[in-house]
Number of protein chains: 2
Amino acid sequence: MPRIVTIRTVAERAGCSIATVSRVINRSAPTSAEVEARVRAAIDELGFRPSEIGRALKTLKTRTLGVLIPSLTNPVFAASVAGMQAAARERRHTLLLTATDYDPAAEAELVETLVAQNVAGLVLTVACAENNATLDLLEAESIPFVLVHNEPDTDARAAVCVDNAAATCALTEAMIAAGHRNIAYLAGRFATSDRSLRRYEGYRAAMETAGLDAVAPLELDYLGDAPSHAAALAGLFGGLSAPTAALCSNDLLALSVIGALRDLGIRVPDDVSVAGFDGIALGRAMSPSLATVDTPTRLMGERAVELLFEMIETGAAPRVERLPFSLRSGGTLAAASKRTRRQEPTPPTPPNP
Amino acid sequence: MPRIVTIRTVAERAGCSIATVSRVINRSAPTSAEVEARVRAAIDELGFRPSEIGRALKTLKTRTLGVLIPSLTNPVFAASVAGMQAAARERRHTLLLTATDYDPAAEAELVETLVAQNVAGLVLTVACAENNATLDLLEAESIPFVLVHNEPDTDARAAVCVDNAAATCALTEAMIAAGHRNIAYLAGRFATSDRSLRRYEGYRAAMETAGLDAVAPLELDYLGDAPSHAAALAGLFGGLSAPTAALCSNDLLALSVIGALRDLGIRVPDDVSVAGFDGIALGRAMSPSLATVDTPTRLMGERAVELLFEMIETGAAPRVERLPFSLRSGGTLAAASKRTRRQEPTPPTPPNP
DNA sequence: CTGTTAGCGCCTTCAA
DNA sequence: TTGAAGGCGCTAACAG
């Protein structure tokens with residue numbers, strides 16, 4: 001029989017009214033020292049904790065933030081949620097966590113679930129922040145929300161992110177500086193990540209500035225099994241005019257690509273250089289270490305929650321906050337000249353027979 | 001002005017009473033087809049979603065599960081939370097997520113927060129499942145909960161875990177079979193992980209069975225910076241009678257140890273073999289790949305939630321569910337004989353001058 | 001300074 | 001098959 005201790009129980013025990021108990025709990029009005037002492041004693045003895053439900057029903061406000069992300073299995077999102085959790089706890093709030101598993105169609109339903117719980121606000125990473133009916137709905141109902149990782153094209157939407165295009169541009173320039181001329185761009189499905197698309201823009205800009213051909217992106221399903229990657233990559237890296245480097249739209253994809261290349265007998269970085277995006281911790285631990293764009297993932301989560309509170313409490317206007325990034329050099333990105341030593345890799349099972 | 005649409009609004013629009021609307025929503029009693037149609041139309045037009053708060057206050061039950069873990073940054077917990085989330089969603093529940101950041105003192109407070117939200121039940125990973133006042137409290141208030149990763153010594157407590165001792169025992173045997181005789185056990189602080197302690201038991205059992213000396217565990221703070229590890233490890237691996245292998249109580253610690261050893265000029269596995277525990281994905285991606293115990297982390301999260309629902313709905317008695325594990329061989333664990341080729345590593349800055 | 005009271009949104013008897 | 005009414009735990013007016 002849980003929670004039979006209500007504010008009324010406490011009032012009886014302390015010999016006062018429930019209003020007084022409430023006042024003691026919330027310090028919402030002055031109370032005599034004597035009564036307060038009795039109330040506090042009663043609370044302790046009974047182990048009473050005010051029900052958030054009752055409170056919420058009255059005030060129509062909960063101490064809960066809704067969170068929507070693609071997946072917890074991606075360390076990027078795990079890290080930012082960790083940041084959110086820390087920031088929320090600072091404000092005595094808790095997170096209501098949901099994940100779409102990269103299914104954009106799930107977004108609407110999950111957000112509705114969160115809204116039905118009367119969350120004070122939302123922090124979300126959606127597949128695409130533009131023309132997003134779910135976000136429009138939140139706006140219409142004036143439920144405050146902040147995007148993380150997404151980089152909206154309008155400043156009218158609150159977001160915490162990095163300048164994806166600039167970062168990828170810088171990374172591409174580093175690859176060009178290392179002597180690479182033929183650089184492939186490998187992406188997760190654009191439909192599930194607008195970041196991926198923005199990053200492609202940065203790559204293209206850098207290539208064009210250098211007078212090089214920006215290749216059309218190869219979209220890979222990075223949740224797919226390695227074999228499917230291997231087939232696609234065998235085609236791309238099979239010929240003599242194969243790229244000497246691959247820029248992947250995120251770190252997880254980069255890891256998967258490196259594994260697939262290894263299975264194909266293509267060495268990284270001796271045959272092909274690989275770089276990622278995000279800066280997950282594991283990229284540092286592996287060897288060769290992963291060249292990537294270092295992104296303050298955890299901080300992004302913290303800032304998102306802080307920005308959200310600002311909007312909730314002071315009604316601050318939404319704004320986009322772009323956090324600094326940095327290039328992380330790594331063993332997977334080598335000078336292109338090295339590749340001249342490459343013996344033609346045994347081309348295993350070309351994609352079409 | 002969010003959520004001004006209440007059940008009353010719908011009733012007015014549909015020209016019936018709120019009771020009828022409630023009945024249509026919950027199918028809790030038969031309603032005429034005609035009225036039902038009108039109600040559904042009104043609901044759609046108004047975009048009405050019943051407030052979970054109102055519902056919860058009435059029934060004293062929410063569709064929310066409380067989750068407490070040490071940290072989301074550890075992929076082990078991220079994976080199991082991902083499993084919980086999936087299983088919870090299946091039952092139309094959401095997760096209220098909290099993390100202690102490995103501070104056992106935070107457990108009580110966070111659990112209270114969750115309980116105050118009237119969660120239907122809890123899934124938690126605590127520092128130590130024995131003599132835990134917080135768990136006793138939950139039991140006393142008969143709030144259903146399931147432990148994950150923790151392996152309680154009594155069957156009276158619900159838990160989903162692996163047989164930590166057996167697993168570590170098997171891993172130790174594999175190391176012995178590889179020719180290692182002097183095997184160190186490196187652990188995170190026992191105070192923050194009873195798993196770590198159980199795993200040590202397994203190690204000791206295997207060593208004793210083989211007639212070898214089980215060394216006292218070296219407790220490392222694996223949240224600490226690498227330098228602190230280096231100092232401790234320099235002492236352990238400095239001498240001539242240094243261990244040829246190190247068994248780490250978890251994968252994250254193993255990664256950290258490998259990095260520290262590398263900084264000390266000690267090669268893995270040429271000079272020292274290293275193995276971990278958990279089977280995080282990144283262990284596969286790195287090279288040499290991490291030898292470890294493969295643990296069905298995500299599944300553990302799923303099973304924990306399913307077991308929790310069983311307890312909530314059918315009042316099933318708590319039970320311990322031990323999931324299967326498997327040894328994962330990896331490049332960090334090599335035959336001991338190899339080590340004979342080891343040149344004495346440059347002993348960098350011994351711990352005491 | 002303290003008590004009484006009216007709801008917040010919903011579900012659920014009890015009548016009709 | 002439907003409506004009226006009470007109450008879940010709490011906060012906030014309003015009295016006193």
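For clarity, every value in this text was computed on a predicted model and none was experimentally measured. Numbers restart at 1 for each chain; the letters A, B, ... are given by sequence-line order, proteins then strands.
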Picking from [options], which would you name as closest to the side chain of [X]?
{"X": "B:Ile18", "options": "D:dC10, D:dG7, D:dA5", "result": "D:dA5"}
{"X": "B:Leu60", "options": "D:dC10, D:dC8, D:dA5", "result": "D:dC8"}
{"X": "B:Cys16", "options": "D:dG3, C:dT2, C:dG9", "result": "D:dG3"}

State whether [X] places a side-chain N or O below 4.0 Å from either non-bridging phosphate oxygen (OP1 or OP2) of [N].
{"X": "B:Thr20", "N": "D:dT2", "answer": "no"}
{"X": "B:Arg55", "N": "C:dC11", "answer": "yes"}
{"X": "B:Ser32", "N": "D:dT2", "answer": "yes"}
{"X": "B:Ser17", "N": "D:dG3", "answer": "yes"}

If we count only N and O atoms by modelled type, under 3.5 Å, do the side chains of B:Arg55 and B:Asn26 hold a donor and an acceptor together?
yes
Check the side chains of A:Thr64 and A:Gln117 for a donor-acceptor pair under 3.5 angstrom, ignoring hydrogens and angles.
no
Under 3.5 Å, is there an N or O donor on one side and an acceptor on the other linking the side chain of A:Arg23 and the base of C:dG3?
yes
When the nearest nucleotide of DNA chain D is assigned to A:Asn26 and to B:Glu36 on a heavy-atom basis, which residue is associated with the more 5' position?
B:Glu36
Please compare B:Ala33 and B:Lys58 by the position of their nearest nucleotide in DNA chain D and report the one closer to 5'.
B:Ala33
At under 4.0 Å between heavy atoms, what does A:Ile53 touch on the DNA or RNA strands: base, sugar-phosphate, or nothing?
nothing
Just checking B:Ser22: base, sugar-phosphate only, or nothing, at a heavy-atom cut-off of under 4.0 Å?
base
Rounded to whole Å, please give me the gap between [atom1] in [X] and [atom2] in [N].
{"X": "A:Arg63", "N": "D:dC10", "atom1": "CZ", "atom2": "P", "value": "13 Å"}
{"X": "A:Glu12", "N": "C:dG3", "atom1": "CD", "atom2": "P", "value": "13 Å"}
{"X": "B:Gln117", "N": "D:dC8", "atom1": "CD", "atom2": "P", "value": "21 Å"}
{"X": "B:Ile43", "N": "C:dC10", "atom1": "CD1", "atom2": "C1'", "value": "13 Å"}
{"X": "B:Glu52", "N": "C:dG9", "atom1": "CD", "atom2": "P", "value": "15 Å"}
{"X": "A:Ile7", "N": "D:dA12", "atom1": "CD1", "atom2": "C1'", "value": "12 Å"}
{"X": "B:Arg8", "N": "C:dC10", "atom1": "CZ", "atom2": "P", "value": "8 Å"}
{"X": "A:Asn118", "N": "C:dC10", "atom1": "CG", "atom2": "C1'", "value": "12 Å"}

Quick check for you: to the nearest 0.5 Å, what is the distance between B:Leu307 atom CG and B:Arg319 atom CZ?
5.0 Å
Atom of A:Gln85, atom of B:Ala99 and distance for their closest heavy-atom approach:
NE2-N, 3.2 Å
Would a 4.5 Å heavy-atom cut-off, applied to side chains only, mark B:Leu122 and B:Pro144 as touching?
no
